Amino acid sequence: MSDFLKQLNKDQLRAVTQINGPTMVIAGAGSGKTRVLTYRIAYLLSKGIDPFNILALTFTNKAAREMKERVINLIGDGDARNVWMGTFHSIFAKILRIEGHYLGYPSNYTIYDSNDSKRLIKNIISDMKLDTKQYSPSYVSSRISMAKSSLISTDEYANDSDIQSADESARKPYIKEIYSRYQSRLKRADAMDFDDLLFNTYILFSRFPKVLYKYQQKFKYTLVDEYQDTNHAQYLIVKKLAANTEQICVVGDDAQSIYGFRGANISNILNFKSDYPDFKMFKLEQNYRSTKTIVEAANQVITFNKEQIKKTVWTDNNTGNKIGYFKAQSDTEEGKMIADSIFEKKMNEQLSNDKFTILYRTNAQSRSIEEALRKKNIPYRIYSGQSFYTRKEIKDLLAYFRLVINNNDEDALQRIINTPARGIGKTTIEKIIVAADINNVNIWEVINNPAQYDLKVNSGIVLKLNNFSTMINSFCVVNKSKDAYETANHIAVSSGLLKMFREEDTPEAISRVENIEELLNGIKEFTEKAIEKSEGDMSVHKTLDEFMEDVALLTDADSDDDEDRDKVMMMTIHASKGLEFPHVYIVGLEENLFPSIQSITTRTELEEERRLFYVALTRAMETVTLSHAETRYRWGNFTITEPSRFLDEIEEGLIDKPKESLNLSNRESNFSKTQSDTGQHSFKKRNLMPLSNSGAEPTEDSDISELKSGADVEHAKFGRGKIISIEGSGPNMKATVFFNSVGNKNLLLRFAKLKIV
DNA sequence: AATCGGAAGGTTTTT
DNA sequence: CCTTCCGATT
């Protein structure tokens, strides 16, 4: 029956089959952590445990999805589907949809992402007539976030003398007031931010023992991945859930704790001992992923940290190559060296693109590398945070969806009430907000009954408001009966949003229309997938509400698409956690960048940076190449950099002699590059919906490839002109052209149909 | 009320 | 350098 257990080593086997009582698994990098978790779930099921009684919590959607897939592979679809597997945030969001009414939330509450919540905080700060410099929204928001993830309520925040004196000495005594207003505004909008999903779940379980009991009964077995990254709230919720049966298994690696900055607390691992004195601990120390060289280098680096649980990660794998080391003169050069190196290795060893991964500390570093890859025609894909969903046009359309789903969502309402322009201006909105505040009702309520709340606007405006609310209400009606795609499409068209961008005939607007179409395609896919899963049954259609629930907790790094394989992968080190790749490039190893300048003052923070480096190294299976640039374009000017201290922490025998860039003309090329770039941005086209995709496709249209800067061209609408510069490639190729009639224009070449004269 | 341009601020890292 | 926001202008 349990044939699959044969695939485990001794330690893994013990960790999997020890299913009675609290269990902690300390798993070194590459030692089969996910494997233990998935096999443990399979094992529980094989022992007759009801899948409905199992809860598995992860940090990222990606990890959750992978776990699901692997469990399905082991035991088949049927049982696996009934196990609750998901991120902390998504599982708790689900619970709050069901039980939120205990706390006064409707089941269709909106989830605000960090941008939404910063916007709200900013509004509050200006409402309070405070200086936004002194009270920068991001500072205030991180303060509030820290409080919430430590379960400190608004009242507790205001009454805690330590917190208050800290805020006062930081000259920000009003944060308590902002926090409190922020919470009531969220409540009024029937909205929760990310931290509320945890905070409110905790409150729910504390105040309503009956609800807690229900979920304790349901989740008899709890598994937690990446336990070292849990914050206080997550820790306590899990503890509450497991209090009854104590059938809890946590898996983690203190050496890979990299989320301290958002409240993760390594000591949760250490507390485990005192919370569950009769716990069993297993250490997984054999690494199956990397070469000896890589494992050794990683071990060496981590010894520079003082705080850690002792363990010895070792491997039976080959020694492998030494670690590569590039010393580039500039960031441009760094990109070039990496692109060249990938190209060479690819050709020599006949490797596909997807065998290569480039890791960096900050998202901003991707640009110079991207350019180099594009020049070499190497396709790549960036797994970046949220860029797709933070685009204006996407946010706008999503705001319509949000408002339709939750009429009280004030942030969404304010975003779109005049987009596209419908004559409801700033002054009017101002008046509505004041009326709402005075009467302590929601903005939506005021818009629907302007007279009742004594809104002092002329009859023309009243008519416009009326038209707006009629429109939204009609969308709500559509949403009740149609599936997600039909509703979304209807809204995109009837709201006039699509038309607005279509009429504006600029390359920028064209790309916005494309992005909207991508979003709609994504929703279509989402809808069809559900129908497909239910074997063509059209009646079980997915609603827009369900789509939005998915989106709120999704980042585009989470998505994966079959058509999008075989590309070099690029991502931040944080995003790479839990993944493995054959050939890894870790770039920008410079002081003040990696380790980050914000983290070199305290030991704790520096050690977190070092763990980050440890994570980066241990992603690699076969080779690692490190690089640094001696000069780097930052904030628009050259900075001379120093090699990262982390480079010295790897013993000389394990690392190659630095390979230096020889191109002396690089400074020049750097200058010319910046000049031609002035004032332009390339619009990265995203392909299928939840996917961030910046592919460098070979140019298909031979006409286009003949266009060069300096060429005289003719355009159907603008007439004669001269090409000033060209950038991008494939479908993204665009040019700046000076036309005698209208001056400079940015054109997407694929649409512009330029003729060479 | 809408549009355009300039100024200012922003880079950690993510759910 | 790039993006966003604000204010001045029409």
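Sequence lines set the chain letters: A, B, ... in the order given, protein chains first and strands last, and positions in each chain run from 1. Since this is a predicted model, take the numbers as computed values, not measurements.
Comparing B:dT13, C:dC2, B:dT15 by their closest approach to the side chain of A:Arg367 singles out C:dC2. Closest to the side chain of A:Phe261, out of B:dT15, B:dT14, B:dA1, is B:dT14. Listed nucleotides: B:dT15, B:dT14, B:dA1. Nearest to the side chain of A:Thr428: B:dA1.
For the pair A:Ile95 CD1 and B:dT15 P, the computed distance is 20 Å after rounding to whole Å. A:Asn123 has its CG atom 11 Å from the P atom of C:dC5, to the nearest Å. Distance, A:Ile111 CD1 to B:dT14 C1': 15 Å, rounded to whole Å.
Looking at heavy-atom distances under 4.0 Å, A:Phe59 makes contact with sugar-phosphate atoms alone, never a base. Within the nucleic acid shown, A:Ala364 comes within 4.0 Å of at least one base atom, counting heavy atoms only. Residue A:Asn418 is in sugar-phosphate contact alone, with no base atom involved, counting any heavy-atom pair closer than 4.0 Å across all strands shown.
Comparing A:Phe88 and A:Lys118 along DNA chain B, the residue whose closest nucleotide (by nearest heavy atom) sits nearer the 5' end is A:Lys118.
Residue ring and nucleobase are not stacked for A:Tyr633 and C:dC1 under a centre distance beneath 5.5 angstrom and an angle between planes beneath 30°.
OP1 or OP2 of C:dT4 has not a single side-chain nitrogen or oxygen of A:Lys122 nearer than 4.0 Å. For the OP1/OP2 pair of B:dT13 and a distance below 4.0 Å, the side-chain nitrogens and oxygens of A:Ser596 include no atom meeting the criterion. Between A:Asn61 and the phosphate of B:dT14, there is no side-chain N or O to OP1/OP2 separation shorter than 4.0 Å. Close to B:dA1, at under 4.0 Å from its OP1 or OP2, lies a side-chain N or O of A:Thr427.
Remark: A:Glu370 does not engage A:Arg367 in a salt bridge, criterion side-chain N to carboxylate O under 4.0 Å. Residues A:Glu371 and A:Lys336 are not paired through a salt bridge, judged by the lack of any N-O separation under 4.0 Å between the basic side chain and the carboxylate.
Of the C1' atoms belonging to B:dT11 and C:dC6, the separation is 23 Å, rounded to the nearest Å.
A salt bridge (Lys or Arg N to Asp or Glu O under 4.0 Å) with A:Asp411 is found for one member of A:Lys122, A:Lys118, A:Arg402 and no other, namely A:Arg402.
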